[in-house]
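Both counts, for ligands and for their atoms, begin at 1 and track the order of listing.
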Amino acid sequence: MSADKQSTEHHQLATQVIHGGKAPQDPEGALVAPLYQTSTFKFSHSDQGSARFAGEEPGYIYSRLGNPTVTQLETRVAALEGFSAAAASATGMGAIAATTMALVRSGDHVLVSDAIYGCSFALFSDLFERFGVEAEFIDMADASQVTKHLRDNTRFVFLETPANPHLKLLDIAAIKTAMGASAAKLIVDNTFMTPLLQHPKSLGADIVIHSATKFLNGHGDVVAGIVCGDEETIADIKMTTLKDMGATMSPHDAWLILRGLKTLDVRMQRHCDNAEKVVSFLQQHELIKKIYYPGLASHPKHDLVGSQMQRAGAVIAFELHSDEQGARAFLDALDMIALAVSLGDAETLIQHPASMTHSPYTPEARQAAGISDTLLRIAVGLEDANDIIADLKQALDSVASRWRDSA
Ligand SMILES: *Cc1c(COP(=O)(O)O)cnc(C)c1O
């Protein structure tokens, strides 16, 4: 096949999740590229070995430095996010740590959104501090705050949108504008949206990161991450923090994610359809006190849905007219819906932030962050929406009746 015919850059994303990037040519003509489950690569002669190490000849050396199956995933996700390169990693945190640590040295400053994933928060607040990098956490809902807090030594601005636990939305383009002529890189964690629902590069992001554990893989059987950027940035990450701290991706995981990615478009549409139906149901149940979902007109920055974000996503948070005991009784009454952290899987998952993802917070910090004892987060899966709703209904009804009886 000619290089021209393989080029997919003009294709739509639904095609690119299947054909994007370049696939290794299989001598047997296999439809699916083979899995290169190997730790190392043989050199045909000593000159080839030295030439590869010297970077004078392209080719693989050792799987921590690169592997054809991992490369295939990298080129596909880079194409989806509109970047020229990507680096895959063992976990989402592996990508976030390798990326951000490649950009800083002691004495630097970084600006971080106050609503980010818990381990990203720990990385920037605890580990960065140990190495003399100051992380400043600010509310970026008002983008002018970014301008105010930028310094000459600010290396990056890091954000996530929508973000746990209240699905906080940030305006990526407004934040890029607020960064003005700063040399700081804008890094967006696009895990909740995927490139199909939100395209941070076209809004000004310099680097886009994913926990591929979630929607990209989509089947709950892999922990993985990936970072997309320009060639120079990605080469730097690959040759320093990723290679030397070693959180690189297993070829088997890359192969599974390539398989999962093929259905990303159909999955995301179904996830969003189901989430909208679940929200409509929750809205009219007596036990529901408040719903946090970007698709609701009442949600702060709801206007970004349909502009920055194609759809509202599949993660919903809600609070009950009850107490922690009631919230736990509701969770324990669920039948099909799995009580588990994570998101983006075929199975609908639900968790209780106060006692799970946000349990390291002190009670005071939890209260300040608005994480009440009855706040629950549901990651809506791909089952028939009627079955998801039926399970929620029977569990909510059981708590509501107990609640009425005790009142
Ligand atoms: C899960 C998650 C991460 C961390 O990814 P892992 O694959 O668990 O390391 C980072 N950011 C967001 C938004 C996540 O949901």
Side-chain angles (χ1 to χ4, degrees), residues 70 73 77 81 86-101 112-127 135 137 140 156 158-170 172 187-198 200 205 207-228 237 241-242 245-250 252-254 256-257 260-261 268 271 275 292 294 309 312-317 340-345 347 349-351 353 356-360 369 377-381:
V70 176
L73 176 69
V77 177
E81 285 288 7
S89 57
T91 66
M93 284 316 303
I96 293 169
T99 302
T100 56
M101 295 188 91
V112 183
S113 162
D114 62 359
I116 55 163
Y117 186 71
C119 298
S120 301
F121 177 79
L123 170 72
F124 299 138
S125 57
D126 300 342
L127 281 178
F137 295 87
M140 299 184 184
F156 63 76
F158 186 101
L159 66 89
E160 213 177 281
T161 176
N164 269 325
H166 299 109
L167 286 311
K168 178 175 177 170
L169 301 184
L170 294 175
I172 300 170
I187 308 176
V188 175
D189 178 336
N190 203 26
T191 299
F192 272 44
M193 286 279 97
T194 83
L196 293 219
L197 298 185
Q198 180 167 277
I207 295 173
V208 174
I209 302 186
H210 285 275
S211 167
T213 312
K214 316 293 168 52
F215 293 105
L216 292 190
N217 179 56
H219 292 73
D221 46 14
V222 159
V223 183
I226 195 158
V227 47
C228 305
I237 293 166
T241 45
L242 199 55
M245 298 201 295
T248 47
M249 184 182 280
S250 136
H252 186 242
D253 287 353
L256 283 171
I257 299 165
L261 264 181
M268 290 317 290
H271 274 299
Y292 302 88
M309 321 155 60
V315 181
I316 306 159
V341 297
S342 201
L343 52 110
D345 293 329
E347 293 83 355
L349 308 178
I350 196 163
Q351 66 112 353
M356 295 174 191
T357 48
H358 293 72
S359 59
R377 183 191 78 188
I378 183 164
V380 179

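- For a threshold of 3.5 Å applied to N or O pairs, the pair formed by Ile96 and ligand 1 contains no separation below that value.
- In this structure, His210 contributes its side chain and Gly92 its backbone to no donor-acceptor pair below 3.5 Å.
- Proximity to Ala224 (heavy-atom distance under 4.0 Å) selects the following atoms of ligand 1: 7 (O).
- Side chain of Ser89 to backbone of Ala95: a donor-acceptor contact under 3.5 angstrom is found.
- No side-chain donor-acceptor contact under 3.5 Å links Gln351 to the backbone of Met356.
- Ring planes of His166 and Tyr292: tilted class, angle from 30 to 60°.
- Among protein heavy atoms, the minimum distance from atom 7 (O) of ligand 1 is reached at Thr213 OG1, 2.6 Å.
- Given atom 15 (O) of ligand 1, the protein heavy atom at minimum distance is Lys214 NZ, 2.8 Å.
- In terms of polar-atom proximity, Val223 is not counted as a contact of ligand 1, lacking any N or O under 3.5 Å from an N or O of the ligand.
- Within ligand 1, counting atoms from 1 as listed, the ones closer than 4.0 Å to a heavy atom of Gly92 are 5 (O), 6 (P), 7 (O), 9 (O).
- Taking every heavy atom of Glu160 and a limit of under 4.0 angstrom, the matching atoms of ligand 1 come to 13 (C).
- The shortest heavy-atom distance from Ala95 to ligand 1 is not under 4.0 Å.
- At the top of the distance list for atom 8 (O) of ligand 1, counting protein heavy atoms only, stands Tyr117 OH, 3.9 Å.
- When only non-hydrogen protein atoms are considered, atom 12 (C) of ligand 1 lies nearest to Asp189 OD2, 3.4 Å.
- With atom 5 (O) of ligand 1 as the reference point, the heavy atom nearest to it among Ser342, Gly225, Ser211, Gly94 is part of Ser211.
- Ligand 1 places these atoms under 4.0 Å from at least one heavy atom of Thr91: 7 (O), 9 (O).
- Side-chain atoms of Asp189 come within 3.5 Å of backbone N or O of Thr191 as a donor-acceptor pair.
- At under 3.5 Å, not a single nitrogen or oxygen of Ser120, backbone or side chain, sits near a nitrogen or oxygen of ligand 1.
- The backbone N or O of Gly225 sits nowhere less than 3.5 Å from a side-chain atom of Ser211 that would complete a donor-acceptor pair.
- Looking only at distances, a side-chain donor or acceptor of Gln198 sits under 3.5 Å from a matching main-chain atom of Thr161.
- Annotation: atom 9 (O) of ligand 1 to nearest protein heavy atom, Met93 N, 2.8 Å.
- In this structure, Ser113 contributes its side chain and Leu159 its backbone to no donor-acceptor pair below 3.5 Å.
- In this structure, Ser250 contributes its side chain and Asp253 its backbone to a donor-acceptor pair below 3.5 Å.
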